[in-house]
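The structure appears below as structure tokens.
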Amino acid sequence: MIRFDNVSKVYPKQTRPALRDVSLEVEKGEFVFLVGSSGSGKSTFLRLLLREERASHGQVHVLGKDLARLSNWKVPHMRRQLGTVFQDFRLLPNKTVFENVAFAQEVIGKSRGEIRKSVPQVLDLVGLGGKEDRMPGELSGGEQQRVAVARAFVNRPKLLIADEPTGNLDPQTSVGIMKLLDRINRTGTTVIMATHDQNIVDQMRKRVIELEKGRLVRDQARGVYGYQH
Amino acid sequence: MRAQFVLSEIGVGLRRNLTMTFAVVVSVALSLALFGGSLLMSDQVNTMKGYWYDKVNVSIFLCNKGDAESDPNCAKGAVTEDQKKTILADLKKMPIVDSVTYESQDDAYKHYKEQFGNSPLAASLTPDQMQESYRIKLKSPEKYLVIATAFNGRDGVQSVQDQKGILDNLFTLLGYLNWAARLVMLVMLSVALLLIVNTVRVSAFSRRRETGIMRLVGASGFYIQAPFIMEAAVAGVIGGTIACAFLVLGQYFVIDHGVALADKLQLINFVGWDAVLTKLPLILAASFLMPALAAFFALRKYLKV
């Protein structure tokens, strides 16, 4: 599903690499937490997966494709097989809940009939059935994030990438989002989630990958947030 | 891709940048109206050339009594009947000469009266002050010099005059005007293109949230860019349509009716509607393609896909 072979990333005009010699593999259907302090390279890791950036050294394979060799015009096609959720939800404020989710299908050319069928389905799945016509501004943070998850999942991606999805939510709401991501994971979708939320990582007991100053310092199955001191 | 989705995106974008859209429309309209105008002017010069070169003569002016005193070419006195006969015979022998007509002093006086009848100078003129002349039509007007060298300085000949030379001055002037129009057009066009680039930049910036999301959900580069490109193209076509309207109205009100130059200046035969109408598709095509291309290249810089 994902393979990093000795991946390093140096941004232009910066001497310290954002990622140093990272090698790892994530299998289909796994749930992986990506932890580390700010500036540890988590965001760079996710940007490499999305091919927003290219690796300076080493190879990144996602869904069986070498991203360095993937030509630019094929990148959109690759991204259709990924879902993404962010801390700031990234919803379109002038579109309804339905339209926000439908947007992900419209831009890849799905027919109106398909959209009418699949959007209510996925909104039911995230627990927002009946709120199709609300605007994002009328929803709570947790609900907005559910919309974002619905949008990420509506095209049934093989891999879901979540960048601190609970960062703006209170603990109780966060638990709801985590349950949702867990349910999506159980449908066979691989989930990679970058987070600072210690409680969540400790409770879920999933694989934990820790980065520190760009290096991979821990890769632990059924791990917890930090080292036990 | 669904047309309705793209169309609504275009509408939203154009309204969001209404002032910029307006500026683009105006500058495209002006530059393309100038473009069409300069094309029409070239046509005009060409038809005028065809019309006038057909009529131009080389004139051999003969000495009259007055010239005999004032002009060194006529120092040997006014032209005699014998001299006129040899000149005519020589002209008829030359293969480049198409036809020769003789204009007597009375004819010349009559023509002059017709053209400048109201001027005080015309009132003081008498027929014997006019010059007799041979009006020669050449098979090709460029061969004027052959006539000039053969007859300049001959007894009884005051001067050999090429009317094409006078016309050429006029055409050169029109040519310069045409180039000036093209220069202004180029400046306006670059202004229009720069405005489009800037509009696209602002538009891309104000919609970076949407385009970012489109990118994340895997929209193709073309799908993300199409609304911006179409936005520029739609603004361009509106400008192009206005430019077309300028040309049509110009032809209608300046040439045919209104100012009605065609009636007032009957000596000049103006370009007709066919010339105007053939320019319109060209202008519309340019008004669509140039903004679209400008937007395309601007997006490569300002919109990450």
Side-chain angles (χ1 to χ4, degrees), chain A residues 46-47 49-53 62-63 70-86 88-95 99-115 122 136 147-163, chain B residues 1-21 199-234 292-293 295-305:
Chain A
L46 297 182
R47 290 171 71 80
L49 286 181
L50 287 165
R51 202 175 170 287
E52 298 243 17
E53 300 288 346
V62 175
L63 302 167
L70 194 66
S71 56
N72 278 330
W73 65 274
K74 279 184 178 164
V75 170
H77 204 262
M78 186 273 287
R79 287 193 185 135
R80 286 175 200 183
Q81 300 172 55
L82 311 178
T84 40
V85 179
F86 294 91
D88 57 357
F89 318 140
R90 300 201 185 171
L91 300 176
L92 296 169
N94 53 350
K95 288 188 191 285
E99 287 165 344
N100 262 290
V101 179
F103 192 70
Q105 299 212 289
E106 273 168 352
V107 296
I108 64 171
K110 283 272 165 64
S111 76
R112 181 155 290 200
E114 280 176 282
I115 294 173
V122 78
V147 177
V149 172
R151 184 182 63 198
F153 191 62
V154 70
N155 290 330
R156 308 287 151 163
K158 298 192 175 98
L159 172 62
L160 187 76
I161 296 168
D163 191 357
Chain B
M1 186 183 305
R2 299 218 330 272
Q4 199 195 345
F5 177 72
V6 175
L7 283 179
S8 73
E9 292 282 301
I10 294 169
V12 168
L14 285 177
R15 256 173 293 147
R16 180 150 27 191
N17 287 322
L18 202 58
T19 46
M20 284 296 242
T21 307
T199 311
V200 165
R201 193 170 64 105
V202 170
S203 194
F205 185 77
S206 68
R207 283 207 305 239
R208 65 196 185 286
R209 195 181 178 86
E210 278 98 327
T211 52
I213 292 166
M214 286 168 105
R215 221 149 42 82
L216 285 176
V217 297
S220 66
F222 177 74
Y223 195 87
I224 298 174
Q225 291 176 342
F228 295 95
I229 293 176
M230 290 311 291
E231 233 175 87
V234 165
L293 280 177
F296 178 76
F297 286 109
L299 287 174
R300 291 172 74 98
K301 188 167 173 200
Y302 297 116
L303 185 72
K304 206 179 151 196
V305 289

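First the proteins, then the strands, lettered A, B, ... as listed; each starts at 1.
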- Under the side chain to side chain donor-acceptor pair (under 3.5 Å) rule, collect the residues that match up with B/Ser203, sequence neighbours excluded.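 If we apply the side chain to side chain donor-acceptor pair (under 3.5 Å) test to B/Ser203, skipping adjacent residues, the hits are B/Glu231.
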- Task: Please name all residues satisfying side chain to side chain donor-acceptor pair (under 3.5 Å) with A/Gln105, sequence neighbours left out, ordered by chain then number.
- Result: A/Ser118, A/Asn155
Going from [atom1] on [X] to [atom2] on [Y], what distance comes out if it is rounded to the nearest 0.5 angstrom?
{"X": "A/Leu82", "Y": "B/Leu216", "atom1": "CG", "atom2": "CG", "answer": "9.5 Å"}
{"X": "A/Arg79", "Y": "B/Met214", "atom1": "CZ", "atom2": "CE", "answer": "13.0 Å"}
{"X": "A/Thr84", "Y": "B/Arg215", "atom1": "OG1", "atom2": "CZ", "answer": "10.0 Å"}

- What are the two closest non-hydrogen atoms of B/Ala219 and A/Pro76, and how far apart are they? O-CB, 3.4 Å
- Could you pull out the closest heavy-atom pair between B/Glu210 and A/Phe103, with the gap in Å?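 Minimum heavy-atom separation between B/Glu210 and A/Phe103: O-CE2, 4.1 Å.
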- Please determine, among A/Leu92, A/Ile108, A/Val75, A/Ile161, the option with the most heavy-atom pairs under 4.5 Å with chain B.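 The residue among A/Leu92, A/Ile108, A/Val75, A/Ile161 with the greatest pair count is A/Leu92.
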- Message: So which residue, A/His77, A/Arg151, A/Met78, ends up with the most heavy-atom pairs under 4.5 Å with chain B?
- Response: A/Arg151
- Query: With a 4.5 Å heavy-atom cut-off, do A/Arg80 and B/Ser220 have their side chains touching?
  - Reply: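 Yes - at least one pair of side-chain heavy atoms lies under 4.5 Å apart.
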- Item | Exceeds 12 heavy-atom contacts within 6.0 angstrom, atom CZ of B/Arg209 | yes
